[in-house]
K.L.:
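I am attaching a structure below and will ask some questions about it afterwards.
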Amino acid sequence: MEMGCVGLQFSSQSSSSIVLKSTTTSPSPIGRRKFLVPSIISNPFLQVFGGNHSLIHLNISKSCSVRLSPKPISSEAWDFGRFLRTLYYFNGPPSPAKFFESLIAKLSGPSTNKPVEEMETSGFILVAGATGGVGRRVVDILRKKGLPVRALVRNEEKARKMLGPDIDLIVGDVTKGSTLAPHNFKGVRKVINAVSVIVGPKEGDTPDRAKYSQGVKFFEPEIKGDSPELVEFIGMQNLINAVKASVGLRDGKLLFGFEGNNLKEIPWGALDDVVMGGVSESSFQIDFKGGENGGPTGVFKGVVSTANNGGFTSVRTRNFSVPEDLSAYDGLELRLKGDGRRYKLIVRTSTDWDTIGYTAGFDTVKGQWQSVRVPFSSLRPIFRARTVVDAPPFDPTNIVSLQLMFSKFEYDGKLNPTFVEGAFQLPLSSIRAYIKDPITPRFVHVSSAGVTRPDRPGLDLSKQPPAVRLNKELDFILTFKLKGEDLIRESGIPYAIVRPCALTEEPAGADLIFDQGDNITGKISREEVARICIAALESPYTCDKTFEVKSVIPFSEPFSVDPENPPPEKDYNIYFKTLKDGITGKELLEQSPAPV
């Protein structure tokens, strides 16, 4: 049926009549029709105009009007002014055509038990420095595992020749922040950073860098290309800025609430059952002394009534000017003081006023401050208290508004077991996106053993590796590597910092020694380091840890494996479980900071 109404607008003719007027491009074949709507419908959320009108007259011709009968069925007065204020606070009224289409669809048959479609949670692993000795091995292992990977490279032609023509690339240079636009990193969930300043023999090298592959112990080194400051420090800063929003923060992302003396505010407006003829009323206010420890908090409060077939109150944010991308997180955490009632959190991914809300109920404990976590995976697509089984999966990349509700109704005919009429209030001090426990690293960085040693008091430099002895001659390479590490630690991103000893081209498989405090020397295979980085991404034992690693094989002894009988793959968690928090080797530098 064609409604024939476009460009609708309100025209108030009397206290009991609303006329929606429009022109139409052709005469309607329907003529004048009268639609009878029962005063009490089985789903109260469908009664946009509420229960205090027993009849809706719909006139469809060259003008379209909805006329409300003045006959009341309740002694409670419906506040039409508040109804209009609610609609226009949220940027205009819903479409009447959409309402009637929904009404007919809902009354024509019951909802199905078809399961709700699950949301997609996959993302990419970014490998920075993907054409280097460790980086290209990381890419190869990830692809063999079937994991989605993107490579950050400076030279596209070189990368495709080395990694394959079908490799997913981001072309950029960490030393040039303008080449690392954050939108290019959308969808990146984890990072393995193998970017490093280039060190090579002063006397030159073969095209395949044979001297370099032997290790700095076997040649007189010099910096080739960009300086350590530009690569290890400024480059790290640029990379963190590019991926920070995409990979997420350990402490989550604050959407509303108080941090210290600062308020992250979003505009809330009341959206109560007045939109369906009810009389419940609520508001959202700031109480500067009602929070935990006497601090400030928001308060969702009001009076709920079932008069006129109502029964819910809610507060909803206006649509965000820029949608929130929370795909790096697992859900929303509400810090609140409970009252023993059950509430709903509704998240919307559409800017439409009257649309699907992805919904989850949560219970509160009376009189207690508590943190309530609502996983995105628990959100259910609801439209007017009914599950929409063919709704698109929840999209955490495009969150446009939030809503808190206290209602008599759950969904699909269920009732809220904690519902009581009357006054209520729910103090709410914050809403933030969170990463679920156990948290694993989102950023694994390949640094170097020795970064804290050049200016360590009492250290005999003659017994240290060349990079430690020649730190000044190599433009403070280790000093800036340490400064790059500190940027990661301060970023808020869950991280792991791997400090390998001297890198070799030997195969993986030798027994390993893991240590902390930056004291060991030795060698380790690049292949082994690549495997350690990938394992560290998935291990909660490496989160926010810094560690060194080497092979048990001395430098003087080569290591090889029998291709017919390779060593078994390691369970790196056996090593990771021994790691401790807060040990970096910097403890010995606190009284003697390294000059630059």
K.L.:
Do Pro221 and Leu474 come close enough that some side-chain heavy atom pair is under 4.5 Å?
P.N.:
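Yes, at least one pair of side-chain atoms sits under 4.5 Å.
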K.L.:
With a sphere of 6.0 Å drawn around NZ of Lys436, does it hold more than 12 non-hydrogen atoms of other residues, nucleotides or ligands?
P.N.:
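Check fails, neighbour count at 12 or below.
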K.L.:
Is the backbone of Lys580 close enough, under 3.5 Å, to the side chain of Gln516 for a donor and an acceptor to pair up by distance?
P.N.:
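Looks like yes, one N/O pair under 3.5 Å.
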K.L.:
Around Lys523, counting heavy atoms of other residues, nucleotides and ligands shown, do more than 12 lie under 6.0 Å from its NZ?
P.N.:
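It does: Lys523 NZ has more than 12 such atoms within range.
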K.L.:
Which heavy atom of Ala391 sits nearest a heavy atom of Ile356, and at what distance?
P.N.:
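Taking Ala391 first and Ile356 second, the nearest heavy atoms are CB-CD1, 3.7 Å.
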K.L.:
So, for Arg453 and Pro465, which heavy atoms are closest and what is the spacing to 0.1 Å?
P.N.:
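Result for this residue pair: NH1-CD, 4.1 Å.
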K.L.:
Taking the side chain as every heavy atom from C-beta outward, state whether Glu324 and Pro396 have any pair of such atoms under 4.5 Å apart.
P.N.:
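No, side chains not in contact.
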K.L.:
Arg143 versus Asp166: any side-chain heavy-atom pair under 4.5 Å?
P.N.:
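Yes, close enough: below the 4.5 Å cut-off.
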K.L.:
Check whether Lys550 reaches the backbone of Ile513 with its side chain - one donor and one acceptor, N or O, closer than 3.5 Å.
P.N.:
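Side chain of Lys550 to backbone of Ile513, a donor-acceptor pair under 3.5 Å: no, none is there.
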K.L.:
Flag the pair Glu528 and Lys570 as a salt bridge only when some basic side-chain nitrogen lies within less than 4.0 angstrom of an acidic carboxylate oxygen.
P.N.:
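So Glu528 pairs with Lys570 through a salt bridge.
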K.L.:
Is a side-chain donor-acceptor pair under 3.5 Å present for Thr479 with Asn471?
P.N.:
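Per modelled atom types, Asn471 and Thr479 side chains form a pair under 3.5 Å.
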K.L.:
Would you tell me whether Arg136 and Thr131 have side-chain atoms, one donor and one acceptor, within less than 3.5 Å of each other?
P.N.:
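Judged by distance alone, the side chains do not pair up.
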K.L.:
Between Lys586 and Asp486, is there a side-chain N and carboxylate O pair less than 4.0 Å apart?
P.N.:
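A salt bridge is present here (some side-chain N lies under 4.0 Å from a carboxylate O).
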K.L.:
What do you reckon, is CG of Asp460 surrounded by more than 12 foreign heavy atoms closer than 6.0 Å?
P.N.:
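More than 12 heavy atoms, drawn from other residues, nucleotides or ligands, come within 6.0 Å of this atom.
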K.L.:
How close do Pro201 and Glu222 get, heavy atom to heavy atom, and via which atoms?
P.N.:
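Smallest interatomic distance, heavy atoms only, reads O-OE2, 4.3 Å.
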K.L.:
Are the side chain of Arg348 and the backbone N or O of Leu402 linked by a donor-acceptor pair below 3.5 Å?
P.N.:
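Looks like no, no N/O pair under 3.5 Å.
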K.L.:
Taking side chain as C-beta onward, heavy atoms only, is Ile399 less than 4.5 Å from Phe320?
P.N.:
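Yes; the side chains approach each other to less than 4.5 Å.
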K.L.:
Checking side-chain polar atoms at under 3.5 Å, does Thr584 have a donor or acceptor matched by the opposite partner on Arg489?
P.N.:
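Note: Thr584 and Arg489 side chains miss the donor-acceptor criterion.
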K.L.:
Got Ile234 and Thr175 here, is their nearest side-chain heavy-atom distance under 4.5 Å?
P.N.:
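No; the side chains remain at least 4.5 Å from each other.
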K.L.:
Are side-chain heavy atoms of Thr349 and Val400 found at a separation under 4.5 Å?
P.N.:
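Counting from C-beta outward, Thr349 and Val400 never come under 4.5 Å.
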K.L.:
Restricting to non-hydrogen atoms, name the atom on Leu255 and the atom on Ile266 that form the minimum distance, rounded to 0.1 Å.
P.N.:
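Minimum heavy-atom separation between Leu255 and Ile266: O-CG2, 3.8 Å.
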K.L.:
Strictly below 4.0 Å, N to O, side chains only: are Glu505 and Arg137 in salt-bridge contact?
P.N.:
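Counted as a salt bridge, because a side-chain N and a carboxylate O are separated by less than 4.0 Å.
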K.L.:
Could you check whether any side-chain heavy atom of Val191 comes within less than 4.5 Å of a side-chain heavy atom of Ile125, counting everything from C-beta outward?
P.N.:
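No; the side chains remain at least 4.5 Å from each other.
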K.L.:
Working to the nearest 0.5 Å, report the span between CG of Asn193 and CD1 of Ile240.
P.N.:
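It comes to 8.5 Å.
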K.L.:
Do Ile167 and Arg160 come within less than 4.5 Å of each other through their side chains, counting heavy atoms only?
P.N.:
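Side chain of Ile167 against side chain of Arg160, heavy atoms only: contact under 4.5 Å found.
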K.L.:
Any Lys/Arg nitrogen of Glu292 or Lys337 sitting under 4.0 Å from an Asp/Glu carboxylate oxygen of the other?
P.N.:
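Salt bridge flag = no for Lys337 with Glu292.
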K.L.:
Got a donor-acceptor contact below 3.5 angstrom from the Ser246 side chain to the Val188 backbone?
P.N.:
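Yes, the answer is positive, given that a donor and an acceptor are paired below the 3.5 Å cut-off.
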K.L.:
If you look at every heavy atom in Leu428 and Phe256, which pair is closest and at what distance?
P.N.:
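For Leu428 versus Phe256, the nearest heavy atoms are O-CE2, 3.5 Å.
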K.L.:
Please report whether the ring centroid of Tyr329 lies less than 6.0 Å from that of Tyr434.
P.N.:
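Centroid separation for Tyr434 and Tyr329: 6.0 Å or greater.
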K.L.:
We want to know whether Ser227 and Asp475 form a side-chain donor-acceptor pair, criterion being a heavy-atom distance below 3.5 angstrom.
P.N.:
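No.
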K.L.:
Report yes if the distance between the aromatic ring centroids of Tyr541 and Phe576 is under 6.0 Å, otherwise no.
P.N.:
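Centroid distance Tyr541-Phe576: not below 6.0 Å, so no.
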K.L.:
Tell me if the aromatic rings of Phe443 and Tyr495 count as close, with their centers under 6.0 Å from one another.
P.N.:
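No, they do not, as the ring centres are separated by 6.0 Å or more.
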K.L.:
Kindly say whether Leu263 contributes a backbone atom to a donor-acceptor pair with the side chain of Glu265 at under 3.5 angstrom?
P.N.:
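Not confirmed, Glu265 side chain does not pair with Leu263 backbone.
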K.L.:
Can you confirm whether the side chains of Asn519 and Arg456 place a donor and an acceptor under 3.5 Å from each other?
P.N.:
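A donor-acceptor contact under 3.5 Å links the two side chains.
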K.L.:
Could you walk me through whether Arg189 and Ser327 pass side-chain hydrogen bond (donor to acceptor under 3.5 Å, both in side chains), step by step?
P.N.:
CA-CA 8 Å; Arg189 295 290 168 265; Ser327 54; 2.7 Å; yes
K.L.:
Hey, does the side chain of Ser539 reach the backbone of Ala536 with a donor-acceptor pair shorter than 3.5 angstrom?
P.N.:
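Checked: no pair found.
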K.L.:
Do you know the tightest heavy-atom contact between Ile198 and Arg154?
P.N.:
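The answer is CD1-NH2, 4.3 Å.
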K.L.:
Tell me, yes or no, whether the heavy-atom count around Arg250 atom CZ, taken from other residues, nucleotides or ligands under 6.0 Å, exceeds 12.
P.N.:
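Counting neighbours around CZ of Arg250, more than 12 heavy atoms of other residues, nucleotides or ligands fall under 6.0 Å, so yes.
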K.L.:
For Asn319 and Thr351, indicate whether the former's side chain and the latter's backbone hold a donor-acceptor pair under 3.5 Å.
P.N.:
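Between the backbone of Thr351 and the side chain of Asn319 there is a qualifying donor-acceptor contact (under 3.5 Å).
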K.L.:
Within the 3.5 Å criterion, strictly below it, is a donor on Glu538 or Thr440 matched to an acceptor on the partner's side chain?
P.N.:
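On atom types as modelled, these side chains do not qualify, holding no pair under 3.5 Å.
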K.L.:
Between Lys481 and Glu485 (salt bridge meaning N to carboxylate O under 4.0 Å), is one present in this structure?
P.N.:
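The answer is no: the pair does not qualify as a salt bridge.
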K.L.:
Distance-only, no hydrogens or angles: does the Arg499 side chain make a donor-acceptor pair with backbone N or O of Ala449 under 3.5 Å?
P.N.:
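Checking the backbone N and O of Ala449 against the side chain of Arg499, no donor-acceptor pair under 3.5 Å is found.
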K.L.:
Verify, without hydrogens or angle tests, whether Arg442 (side chain) and Val247 (backbone) share a donor-acceptor contact under 3.5 angstrom.
P.N.:
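Yes; judged by distance alone, with no hydrogens or angles, the pair exists.
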K.L.:
Look only at the side chain of Glu548 and the backbone of Asp518, and say whether a donor-acceptor pair between them is shorter than 3.5 Å.
P.N.:
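Yes; judged by distance alone, with no hydrogens or angles, the pair exists.
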